[in-house]
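In what follows, a single structure is set out as structure tokens and then discussed.
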Protein chains: 2
Amino acid sequence: MRPTVHDIAAAAGVSLATVDRVLNQRPGVRHVTREKVETAIRDLGYVRDVAAANLAKGRVYPLTFILPASDNSFMHGLNAEIRAAIARSATERTDIRIVEVPAFDPQALVRELETVAAEKPSGVALVATDAPDVRAAVDRLVKDGIPVVTLVSDLTGSLRHHYAGVDNIAAGRTAARLLGRFLGGAKGEIAILAGSMLVRDHRERLEGFAAVMAQEFPALHLLSVLEGRDDPEVAHMLIADALGKNDGIIGIYSLGAGNRGLIRALKEKAVDRALTVIAHELTAHTRAALLDGTIDAILNQDAGHEVRSAIRVLKAKADGLAVIDAQERIRLDIFLKDNLP
Amino acid sequence: MRPTVHDIAAAAGVSLATVDRVLNQRPGVRHVTREKVETAIRDLGYVRDVAAANLAKGRVYPLTFILPASDNSFMHGLNAEIRAAIARSATERTDIRIVEVPAFDPQALVRELETVAAEKPSGVALVATDAPDVRAAVDRLVKDGIPVVTLVSDLTGSLRHHYAGVDNIAAGRTAARLLGRFLGGAKGEIAILAGSMLVRDHRERLEGFAAVMAQEFPALHLLSVLEGRDDPEVAHMLIADALGKNDGIIGIYSLGAGNRGLIRALKEKAVDRALTVIAHELTAHTRAALLDGTIDAILNQDAGHEVRSAIRVLKAKADGLAVIDAQERIRLDIFLKDNLP
DNA sequence: CCAAATTTGATGTACGTAAATCAAAAAATG
DNA sequence: CATTTTTTGATTTACGTACATCAAATTTGG
């Protein structure tokens with residue numbers, strides 16, 4: 001049987017009240033006594049029964065998710081997953097709030113972080129915009145004792161406790177190898193469609209992609225990046241234009257959102273061309289395009305996993321508990337037409 | 001605030017004791033009264049606080065995992081993940097036992113199932129051998145009210161509550177497309193190494209593989225399946241032999257375990273040949289082979305995820321609770337050398 | 001050494017549920 | 001209608017922890 005507070009009290013030769021004071025870091029315990037108790041805790045391998053503790057405390061975990069107000073399928077999906085988690089609040093003892101801030105606007109994000117911090121939630125998850133001010137604001141939250149996880153896009157160099165998202169450099173590298181291998185030894189040009197080089201995840205994907213391409217597939221030449229602003233119309237225009245004036249293009253890597261436009265352009269301009277196409281994010285549009293052969297592979301991050309992982313990690317950090325690392329690693333999903341969920 | 005048993009009692013106009021009798025299906029409640037209580041439960045949307053209930057009951061979940069005694073890395077990994085779960089028993093209220101049975105031996109598995117059933121555990125997870133007797137034995141457990149999940153290899157047509165493993169037909173199809181695309185339009189022969197055609201997961205992988213190959217890559221000809229019994233020595237012998245006497249082989253699909261032997265054969269016999277190789281299961285050996293280029297892609301199922309999922313599902317079923325389907329879907333991981341964890 | 005401050009102990013209540021006991025009420029039976 | 005049987009209510013204890021209160025013991029300061 002696992003030890004309880006009573007066992008600790010007995011082992012340390014103190015009363016239950018004193019054990020309680022130590023466990024919940026309440027004042028009024030002499031240093032030596034505190035040490036006796038802590039020794040007993042270690043010796044017996046005591047771990048607090050979180051379920052019982054939460055019951056006694058009537059604890060709920062107020063969590064805040066800060067998302068960019070972007071109108072694309074991926075963000076909608078992320079939002080939906082958070083709402084699904086909200087629906088489970090009762091059984092998971094969470095009280096989740098979603099706040100939206102203008103996209104790509106570090107100052108707005110910083111202001112929101114300050115507001116959220118004032119409410120002292122049990123944890124904060126945010127889709128980080130990569131800027132020094134944001135990093136500083138996150139660090140302030142962490143120093144105030146508020147667990148923080150970044151979601152989808154990381155904030156390296158900050159003190160955030162955890163990143164719930166894929167390794168975007170690895171994603172770019174993987175895209176490059178798939179494209180290179182699918183093209184056999186062919187020689188030609190590769191078009192790259194991104195959302196914006198201002199967001200870290202897109203920059204990292206490109207970085208990984210370019211690295212593997214340069215090193216392993218020298219016969220393939222990368223054209224300069226087309227920035228589609230994650231907007232289907234812009235993407236359509238850019239891709240249609242590129243295909244129109246360059247018939248050396250044999251492959252396309254779409255590393256951002258707005259794939260609806262890309263797909264439309266392909267159907268209009270490339271029916272008779274053998275193009276190999278790799279895109280990111282599984283949506284209704286990309287799924288259909290994968291099935292009909294317009295797209296050859298889709299790289300995806302599972303928003304549901306990211307949200308559930310973020311919640312698990314925030315709760316664990318709030319309780320000072322360990323997490324199962326392997327469980328919280330967000331994988332890069334690779335979908336061909338055969339393994340769609 | 002979510003409703004408690006007290007609220008139910010008040011709403012139904014009965015006492016706490018009666019609510020308790022209904023909730024825990026104890027006898028001594030008239031039909032009409034039971035209905036009143038059940039109506040109140042539905043109306044208020046009551047859900048039992050599992051944490052509090054488990055605390056009161058001092059509940060632990062005795063779970064039994066039945067595994068084949070196979071000496072290969074995948075099974076060792078699976079075993080390790082179960083032991084990791086055992087280490088978390090205290091906090092997860094589980095009491096997990098592992099029993100091993102001879103591999104590919106339906107009768108031994110049936111006998112073990114009977115023995116396990118007699119112990120009335122809260123749940124049973126098994127790597128199923130696909131045989132009518134096994135199916136019948138599993139169905140008996142289910143009818144006795146014991147939750148059962150199949151692990152890694154399914155038992156379709158049985159009453160098992162859940163399958164914690166990948167879709168093996170999809171895995172085979174994916175392998176075929178990857179291999180076909182990687183080989184460009186080349187013409188040649190494909191060797192297939194399986195463990196045994198007696199296990200469903202291997203049969204299904206082969207089925208999916210052969211289907212896509214036939215339909216989409218007619219230039220590639222499949223050789224007849226080599227059964228390596230998931231044994232590295234046997235696998236080595238078979239592959240070395242095949243490569244020795246057939247130099248039309250340009251690709252290999254290894255859909256079972258025992259890849260250590262395959263890799264050794266490749267390094268001995270195929271240094272000068274351009275073979276494209278796809279294998280299953282990420283282990284220390286296959287990982288190294290992927291990195292050094294001996295293997296081109298690895299399809300993997302995450303044993304840790306499977307074990308954790310099986311445990312979550314068994315606990316939920318034991319409590320009659322719902323599971324988050326998306327969370328329990330085991331994905332097929334595709335690893336290239338760039339996205340290794 | 002005494003008073004004040006600090007530390008510790010003892011005890012009780014609470015969280016939401018399970019389970020048991022005994023009494024009371026209601027229903028079924030003859 | 002009386003008796004038996006079934007159903008229901010009321011109450012208590014327990015699970016492991018949190019938290020509050022008050023008293024008692026110990027330490028500290030002057």
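Residue numbering restarts at 1 for every chain, and letters A, B, ... go by the order of the sequence lines.
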Subject >> Separation between OG1 of B:T129 and CG of B:D201, rounded to the nearest 0.5 Å >> reply: 9.5 Å
Subject >> Residue A:A52, side-chain heavy atoms: nucleotide from C:dT17, D:dG16, C:dT8 that is nearest >> reply: D:dG16
**OP:** Provide, to the nearest angstrom, the distance between the CD atom belonging to A:E35 and the P atom belonging to C:dT7.
**Re:** 15 Å
**OP:** Remember a base hit wins even if backbone is also touched, and classify A:D20 as base, sugar-phosphate or nothing at under 4.0 Å, heavy atoms.
**Re:** base
**OP:** Tell me what B:G58 touches on the nucleic acid: a base, only sugar-phosphate, or nothing, going by heavy atoms under 4.0 Å.
**Re:** nothing
Subject >> DNA chain C: 5'-proximal contact among B:R21 and B:R48 (nearest heavy atom) >> reply: B:R48
**OP:** With DNA chain D as reference, determine whether B:V29 or A:L55 sits nearer its 5' end, using the nearest nucleotide of each.
**Re:** B:V29
Original post:
To the nearest angstrom, how far is B:H6 atom NE2 from C:dG16 atom C1'?
Top reply: 8 Å
Subject >> Nucleotide nearest A:S15 (side chain, heavy atoms from C-beta), chosen from D:dT17, C:dT17, C:dA10 >> reply: C:dA10
Original post:
Which residue, A:V32 or A:L16, contacts DNA chain C at a nucleotide closer to its 5' end, judged by nearest heavy atom?
Top reply: A:V32
Original post:
In whole angstrom, what separates A:N54's CG from D:dC19's C1'?
Top reply: 15 Å
**OP:** May I ask you to verify if any side-chain N or O of A:T18 is less than 4.0 angstrom from the OP1 or OP2 atom of C:dG9?
**Re:** yes
Original post:
Looking only at side-chain N and O atoms, does B:R30 come under 4.0 Å of OP1 or OP2 in D:dT6?
Top reply: no
**OP:** Would you kindly give the CZ-to-P distance between A:R93 and C:dC15, to the nearest whole Å?
**Re:** 12 Å
Original post:
NA contact type, A:A17, heavy-atom cut-off 4.0 Å: base, sugar-phosphate, or nothing?
Top reply: base
**OP:** Just call it for A:V14: base, sugar-phosphate, or nothing, with non-hydrogen atoms closer than 4.0 Å on any strand.
**Re:** sugar-phosphate
**OP:** Establish, yes or no, whether the cationic atom of B:R48 lies under 6.0 Å from the six-membered ring centre of B:Y46 and within 45° of the ring axis.
**Re:** no
Original post:
In whole angstrom, what separates A:D319's CG from D:dT17's C1'?
Top reply: 13 Å
Original post:
Using a distance-only test with no angle check, is there a side-chain donor-acceptor pair under 3.5 angstrom linking A:D154 and A:T150?
Top reply: yes
Subject >> Value rounded to 0.5 Å, distance of CD1 in A:I8 from CG in A:L44 >> reply: 4.5 Å
**OP:** Spell out yes or no: do the side chain of B:R2 and the base of C:dG16 have one donor N/O and one acceptor N/O closer than 3.5 Å?
**Re:** no
Original post:
Looking at D:dG16, C:dA10, D:dA18, which one has an atom nearest to any side-chain atom of A:R26?
Top reply: D:dA18
Original post:
In whole angstroms, how far is the C1' atom of D:dG9 from the NZ atom of B:K36?
Top reply: 12 Å
Original post:
How long is the line joining NE2 of B:H31 and C1' of C:dA27, in whole Å?
Top reply: 17 Å
Original post:
salt bridge (Lys or Arg N to Asp or Glu O under 4.0 Å) between B:D49 and A:R93: does it pass, once the steps are laid out?
Top reply: CA-CA 10 Å; B:D49 183 329; A:R93 305 192 105 89; 3.3 Å; yes
Original post:
Say you draw a straight line from NZ of A:K315 to CG of A:N54; how long is it, rounded to the nearest 0.5 Å?
Top reply: 7.5 Å
**OP:** Quick one: label B:N24 by what it contacts on the DNA or RNA (base, sugar-phosphate, nothing), any heavy atom closer than 4.0 Å.
**Re:** sugar-phosphate
**OP:** Grab the CG-C1' distance between B:D49 and D:dT17 for me, whole Å please.
**Re:** 14 Å
